[in-house]
Amino acid sequence: MQLNREALTRAYRQMKLIREFEERLHEEIQTGEIAGFTHLYCGQEAVAVGVCEHLTERDKIVSTHRGHGHCLAKGCDVDGMMKEIWGSQDGLCNGKGGSMHIADIDKGMLGANGIVGAGAPIAVGAALSNKIDGPDENGKLAIALAFSGDGACNQGTTFEAMNLAVVTKAPCIFVFENNHYSEHTGVDYAVGTVQDIASRAEAFGMKVWRADGTDFFAVYDTFREVLEYVRTPGNGPAAVEFDTERFFGHFEGDPQRYRGEGELDRLRAERDCLKIFRASVTGAALLDAADLDKIDADALQAIEDAVTAARAGARPQPENVLDNVYISY
Amino acid sequence: MAKLTYRDAIRNTMFQEMQRDERVVVLGEDVVGGMGTAGGPEAIGGIWSTTTGFYDAFGPNRVIDTPISESAIMGAAGGLALAGKRPIAEIMFADFIGVSMDQLWNQIAKFRYMFGGKSVCPAVIRMPCGAGYNAAAQHSQMISQFVTGMPGIKVVMPTTPEDACGLMRQAIRDDDPVVFLEHKFLYGLTGEVNEDPDFCIPFGHARLARAGKDVTIVASGMMVRYAETAADDLAQDGIGCDVIDIRTTSPLDEEAILDSVEVTGRAVIVDEAPPRCSLATDLSSLIAQKAFASLKAPIEMVTPPHTPVPFARELESAYLPSPAKIAAAVRKTLDYR
Ligand SMILES: Cc1ncc(C[n+]2csc(CCOP(=O)(O)OP(=O)(O)O)c2C)c(N)n1
Ligand SMILES: [Mg+2]
């Protein structure tokens, strides 16, 4: 733990913002106001934040269908995201994409993705671009990374991307978030290397790390090592697997009959990255409860404001359907 | 006759065919649902509830829950079929055809031709498709134009529960590979279904969903429902429409379309796919080539614009064909000169 007060505060604020964003969406979706499919990131916050807190705007990330946490952690605007999910013309993607396709290229956020396994090859391409651009004045490369789930690690695209990254020495990081489920299927059934994804990456010839994804500090410290390695020219890609938990259904509306008796209560009690963070920083007297409570209140307010803004956001007009298919045509 | 939903018509027919023929097997993502979890197999029973109860009835050899690997699902369906089984593979959303395209287009579709007629590949590929749920650009598409353009593949697009039943049974018993396009919006539709255990609807036979002498509307899948609504509205104003549900896009019942246009002289084609190189352009060219002399007005196409499927509610409704847009197109053909 080498984070100063400011960095700790920032990390907690980011995680809390994601948590409140998702908890609020969970409520709003019940009312029917939000259209489409929404996959909530609640429970996995420490991964997105523990990873993205190390990145600069030159580093690129590629996300998944469960992308809100990655977007917020990479600096996407909260109001712009909320408006997008509400389908507003003022949303980050003009209401064209919605929850599953939020992107902010200027922030290095190359898109959430509706196609499972589509992200890894895109990240390799972005990493190769960074390799072509070469190291900065400190001799370090900008990187690109793909977040992938335990389900996505079964796609051929993910395998091909890993091999391509290895043979081209692309500064690419494959971040596997193992939340033990792909939709309604358990990782024990779907992943042949029993509960272990990192060993697959290792078999492709890259260095791998593993850490507990519910412990922000484990994620943060592990990822610093991963990043240091991949930023060094000549090393090529690496992979890291985080063991994490999803607190809601696969999508909003999922009856979750595949869960065990009391499973969700147990996860919320024992595997909540925010609770674990709070206990750890207050225990070590790094931040006090009042500081954290203040951040909690601020996050709640930020989300309240975002929802108000989203409700009032301009609606798209029918003719907007034709916008942005091409740049020129 | 039994009253069934479109969903249950599909489910029950597959179930009955699995009982009847041991070679029939099902594979796809979450077709069992709950594998490797505390809830156990069948905790979910398929995300579209089209395979609920299959695993318990037929076991893991014949009901194969797969990891997220569309390319392998499609290819395995091809391999199962070449080796003598009759697989029914589910691609959870038709959009994911992109991941599996080679195995369908270069493999399954072409085996028989490339092998000089020596192979049989009786695979059924089910693909829930279509827009209307604000599921945006990668979970809403109509992909009929891609598969209809593949020589070697038969393409089915049922609209009613009865057709879903008869066409599914035909698809399973057919010796050629069949892509079965189920419209997500139709799953809840109920209707009378023929209970004869051998009830099949042969491919290449259109259904006349509405009869009228003024304008021919040709549609498929969900678009047939919109066309029926439009035709019923127009009937109030004394305008009669033939609504032709083509049921299978390949093979195509050309005769049903041409016969109708010869009477009406006016044609409106409704298609859920974007307008370039699509079913709409294909049917328009058919009519222009073979019923030119009968035409009293230019052929109208009601399709989405040449764009991906947008997310926001307002945008998706602007994108999709609707009964109002179809009725306007019908009136346009009548107002011509
Ligand atoms: C190519 C493709 N196949 C299937 C799906 C349907 N689908 C969406 S998310 C998902 C499960 C993904 O599991 P995982 O990668 O573990 O991510 P998680 O949902 O756990 O975040 C599936 C099967 C899809 N969107 N794209
Ligand atoms: Mg998962």
Side-chain angles (χ1 to χ4, degrees), chain A residues 34-37 65 84-89 91 93-101 113-118 149 151-157 180-192 250 254-261 263 315-325 329, chain B residues 29-47 60 65-75 92-93 95-100 102-103 131-141 274 304-320:
Chain A
I34 296 169
F37 293 137
H65 56 287
E84 185 59 30
I85 290 166
W86 246 264
S88 165
Q89 179 68 16
C93 306
N94 298 146
K96 286 278 180 40
S99 166
M100 264 193 294
H101 305 293
N113 209 310
I115 301 296
V116 171
C153 88
N154 293 319
Q155 282 286 31
T157 47
H180 319 289
Y181 292 102
S182 54
E183 278 195 355
H184 319 306
T185 299
V187 65
D188 285 343
Y189 175 79
V191 175
H250 167 63
D254 174 4
Q256 303 189 66
R257 290 192 297 266
Y258 47 83
R259 299 266 193 195
E261 183 83 18
E263 178 179 328
R315 299 308 304 175
Q317 300 303 306
E319 61 271 21
N320 294 128
V321 79
L322 301 174
D323 300 341
N324 289 315
V325 181
Y329 196 59
Chain B
E29 293 159 16
D30 271 319
V31 293
V32 179
M35 296 298 277
T37 71
E42 293 274 5
I44 297 292
I47 78 150
D65 197 285
T66 70
I68 309 178
S69 310
E70 283 80 8
S71 193
I73 295 168
M74 190 71 84
M92 188 184 285
F93 285 77
D95 312 67
F96 311 157
I97 189 180
V99 184
S100 64
D102 178 71
Q103 294 291 338
Y133 283 100
N134 310 102
Q138 297 172 342
H139 284 75
S140 304
Q141 295 169 89
H306 182 60
T307 76
V309 187
F311 163 67
R313 286 194 172 100
E314 296 89 333
L315 295 175
E316 197 189 51
S317 18
Y319 173 91
L320 279 174

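Sequence lines set the chain letters: A, B, ... in the order given, protein chains first and strands last, and positions in each chain run from 1. Values below: all heavy atoms of this structure, side chains included; hydrogens, waters and symmetry mates excluded.
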Say whether, by atom type as modelled, one donor and one acceptor occur between the side chain of [X] and the main chain of [Y] under 3.5 angstrom.
| X | Y | answer |
| --- | --- | --- |
| B:Ser140 | B:Ala137 | no |
| A:Tyr189 | B:Asp65 | yes |
| A:Asn320 | A:Pro316 | no |
| B:Glu316 | B:Ala136 | no |
| B:Glu42 | B:Gly33 | no |

Counting heavy-atom pairs under 4.5 Å to chain A, which of [options] comes out on top?
| options | result |
| --- | --- |
| B:Thr307, B:Val309, B:Ile47, B:Thr66 | B:Thr307 |
| B:Gly98, B:Ala318, B:Pro67 | B:Pro67 |
| B:Arg313, B:Glu314, B:Glu29, B:Gln138 | B:Gln138 |
| B:Asn134, B:Asp30, B:Val32 | B:Asp30 |

Worksheet item: Given a strict heavy-atom distance threshold of 4.5 Å, which part of B:Glu70 is in contact with chain A: side chain, backbone, both, or neither?
Response: both
Worksheet entry | Which portion of B:Val99 sits near chain A, non-hydrogen atoms under 4.5 angstrom | side chain
Item to complete: Report yes if some heavy atom in the side chain of B:Pro308 is under 4.5 Å from a heavy atom in the side chain of A:Lys96; otherwise report no.
Response: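 No, side chains not in contact.
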Partner chain B: residue of [options] with the largest heavy-atom pair count (under 4.5 Å):
| options | answer |
| --- | --- |
| A:Thr185, A:Val325, A:Thr157 | A:Thr185 |
| A:Met100, A:Arg257, A:Arg259, A:Glu84 | A:Arg257 |
| A:Asn324, A:Val116, A:Asn154 | A:Asn154 |
| A:Gly192, A:Gly260, A:Gly95 | A:Gly95 |

Discussion item. Which atoms of A:Asn94 are under 4.5 Å from chain B, going by heavy atoms: the side chain, the backbone, both sets, or neither?
Written reply: backbone
Fill in: Structural part of A:Gln317 lying under 4.5 Å from a heavy atom of chain B
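Just its backbone gets close to chain B.
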Discussion item. Ring centroids only, cut at 6.0 angstrom: are A:His65 and B:His139 within range, meaning strictly under it?
Written reply: no
Practice prompt. Could you tell me whether the side chains of B:Gln141 and B:Asp95 share a donor-acceptor contact shorter than 3.5 Å?
Written response: yes
